[in-house]
Structure formats: structure tokens, C-alpha cells
Amino acid sequence: MKYIRRIILSLLLVAIWFTMRSPGAGEAYARNIYPYVSAVLSRFSSLFPFSVGDCLIYGSIVGLLVCAIAGKCSWKTLAGRTVEYLLWVYVWFYMAWGLNYFRQDFFTRTQLPYAAYSADAFRSFLSAYTDALNASFVPV
């Protein structure tokens with residue numbers, strides 16, 4: 001079982017590293033895989049009134065600490081488990097949402113021309129936005 005787990009981890013790491021270096025693969029992930037991953041994670045986590053991800057992380061850290069304190073495993077085993085755990089957290093982060101950072105840039109995806117930054121245009125936008133926001137105030 002340990003070898004199967006490590007093979008799966010290795011394959012996921014290779015897939016993540018490939019996707020990080022290929023904007024097309026990142027775009028394919030964001031459009032075709034991520035919506036399903038997100039739906040499953042959201043549906044599952046909505047069953048609980050607390051952060052399931054945090055509980056998994058803290059619970060596994062406590063498990064590693066108990067193993068270390070109880071002396072049930074050698075320092076080599078503990079180091080190996082810690083490294084594997086950190087790699088799974090890495091995979092979890094990128095599969096859950098992190099690969100979305102490696103898509104094509106906004107201007108390429110939307111085929112909009114790049115607009116150069118202008119401090120005057122930005123101040124004008126902020127002023128108009130603030131005025132519109134203030135005008136929308138309704139006393140309750």
C-alpha cells in the first residue's frame with residue numbers, strides 16, 4: 001500500500017510540475033478539471049461549520065507529533081513521513097486551487113489589448129467609483 005501511495009504521489013507531482021510549466025495545461029486544468037474539483041470540495045466542506053482542510057492539516061501534524069513523542073517510530077521514519085506529508089500538502093494545495101495561477105494571462109485569455117497604467121486615469125476611476133458607492137448608501 002505504501003508503494004502505491006508513493007507512486008500516486010509521484011505521478012501527481014510530475015503532473016503538477018508539468019502544468020506549472022505549460023500555460024496551456026494550466027488553462028485546460030482551470031476549465032476542465034478545476035470546476036469538478038471545486039464542486040466536490042465545496043459540497044463536502046459545506047457539510048461542516050468549520051474548516052475541514054485546517055482540521056486535516058492540524059490533525060495530521062498532531063499525529064506526527066504523537067508518533068515522535070511516543071517513540072513509536074525512529075527519527076528516519078518520522079523524517080520520511082514528514083517529508084511525504086509535506087508533499088501531500090503541496091499536492092493538495094495545487095490540485096485544490098493553486099494550478100489556477102499557471103493559466104494563460106488575462107489579456108491572452110480575453111483577447112483584450114493591454115492598457116498601460118496611468119495614474120490620472122486610475123485616480124479618475126477611484127473618484128467616480130467612490131462617488132457612485134457613496135451615492136448608493138441607503139440608511140437602514
Side-chain angles (χ1 to χ4, degrees):
M1 186 67 175
K2 175 173 61 171
Y3 296 111
I4 293 172
R5 187 178 72 232
R6 289 184 179 167
I7 289 170
I8 292 170
L9 178 61
S10 299
L11 291 173
L12 288 171
L13 287 169
V14 168
I16 287 169
W17 293 331
F18 169 77
T19 304
M20 291 171 127
R21 285 156 183 75
S22 171
E27 191 66 27
Y29 171 81
R31 291 179 183 260
N32 302 315
I33 298 170
Y34 179 71
Y36 299 106
V37 170
S38 175
V40 168
L41 292 175
S42 294
R43 190 164 294 194
F44 177 74
S45 66
S46 70
L47 299 173
F48 305 96
F50 51 83
S51 172
V52 175
D54 287 352
C55 288
L56 290 172
I57 289 172
Y58 296 135
S60 53
I61 290 172
V62 167
L64 287 171
L65 289 174
V66 166
C67 181
I69 292 169
K72 292 190 177 191
C73 54
S74 69
W75 69 270
K76 287 181 182 181
T77 302
L78 182 64
R81 287 181 182 175
T82 302
V83 168
E84 184 179 353
Y85 166 73
L86 292 173
L87 288 172
W88 277 110
V89 169
Y90 180 87
V91 165
W92 169 262
F93 169 77
Y94 281 105
M95 294 301 292
W97 64 86
L99 286 177
N100 286 319
Y101 296 121
F102 298 97
R103 306 171 67 170
Q104 296 169 340
D105 67 87
F106 174 78
F107 297 104
T108 302
R109 288 193 321 260
T110 59
Q111 298 178 345
L112 291 173
Y114 178 77
Y117 173 76
S118 162
D120 292 334
F122 187 61
R123 269 191 229 102
S124 175
F125 163 76
L126 285 179
S127 179
Y129 182 76
T130 305
D131 291 343
L133 188 60
N134 288 335
S136 70
F137 175 75
V138 177
V140 179

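- Counting all heavy atoms, side chain and backbone alike, S136 lies closest to L133 at OG-O, 2.7 Å.
- Here the shortest heavy-atom pairing between E27 and Q104 reads OE1-N, 3.5 Å.
- I57 and V66 fall into different hydrophobic clusters, defined by Ile, Leu, Val, Met, Phe, Trp and Tyr side-chain heavy atoms under 4.5 Å apart, directly or through other members.
- One finds the OG1 atom of T130 at 8.5 Å from the CZ atom of F125 (value rounded to the nearest 0.5 Å).
- Taking every heavy atom of both residues into account, A30 and P35 meet most closely at O-CD, 3.4 Å.
- Counted within 6.0 Å of CG on L86, heavy atoms from surrounding residues, nucleotides or ligands total more than 12; the atom is thus considered enclosed.
- Aromatic ring orientation, F93 versus W97: perpendicular (interplanar angle above 60°, classes split at 30° and 60°).
- Here CD of E84 is found 9.0 Å from NZ of K2. Values are rounded to the nearest 0.5 Å.
- Looking only at distances, no side-chain donor or acceptor of S22 sits under 3.5 Å from a matching main-chain atom of F18.
- Hydrophobic clustering of Ile, Leu, Val, Met, Phe, Trp and Tyr side chains at less than 4.5 Å, counting indirect connections, unites V83 with V91.
- Counting only distance, with no hydrogens or angles, the side chain of S38 and the backbone of Y34 share no donor-acceptor pair below 3.5 Å.
- Other residues, nucleotides and ligands contribute only 12 or fewer heavy atoms inside 6.0 Å of the OH atom of Y129.
- Checked against W88 for a side-chain contact (heavy atoms from CB on, under 4.5 Å), the options L9, L13, L56 give a single hit: L9.
- At most 12 heavy atoms of other shown residues, nucleotides or ligands fall within 6.0 angstrom of atom OH in Y58.
- The two residues Y85 and S60 have their closest heavy-atom pair at CE1-OG, 2.7 Å.
- Linking ILVMFWY side-chain heavy atoms closer than 4.5 Å, directly or via other members, places V52 and W92 in two distinct hydrophobic clusters.
- When hydrophobic clusters are built by joining Ile, Leu, Val, Met, Phe, Trp and Tyr residues whose side-chain heavy atoms come closer than 4.5 Å, directly or via intermediates, L87 is not grouped with V89.
- To the nearest 0.5 angstrom, L126 atom CG is 4.0 Å from F122 atom CZ.
- Hydrophobic cluster membership is shared by Y114 and F106, with clusters built from Ile, Leu, Val, Met, Phe, Trp and Tyr side chains linked at under 4.5 angstrom.
- For D120, the side chain to side chain donor-acceptor pair (under 3.5 Å) test picks out R123, with sequence neighbours left out.
- Residue F48 qualifies as enclosed at atom CZ: its count of foreign heavy atoms under 6.0 Å is above 12.
- Interatomic distance, M95 CE to L41 CG, rounded to the nearest 0.5 Å: 10.0 Å.
- With contacts defined as side-chain heavy-atom distances shorter than 4.5 Å, the pair I16/Y90 qualifies.
- We find the CG-CD1 distance between L65 and I61 to be 7.5 Å, quoted to the nearest 0.5 Å.
- Distance check: R6 CZ to L11 CG gives 14.5 Å after rounding to the nearest 0.5 Å.
- Sorted by first and then second residue, the salt bridge (charged side-chain N to carboxylate O under 4.0 Å, His left out) pairs involving residues 35-56 (not counting sequence neighbours) form an empty list.
- The shortest side-chain heavy-atom distance between F102 and Y94 falls under the 4.5 Å cut-off.
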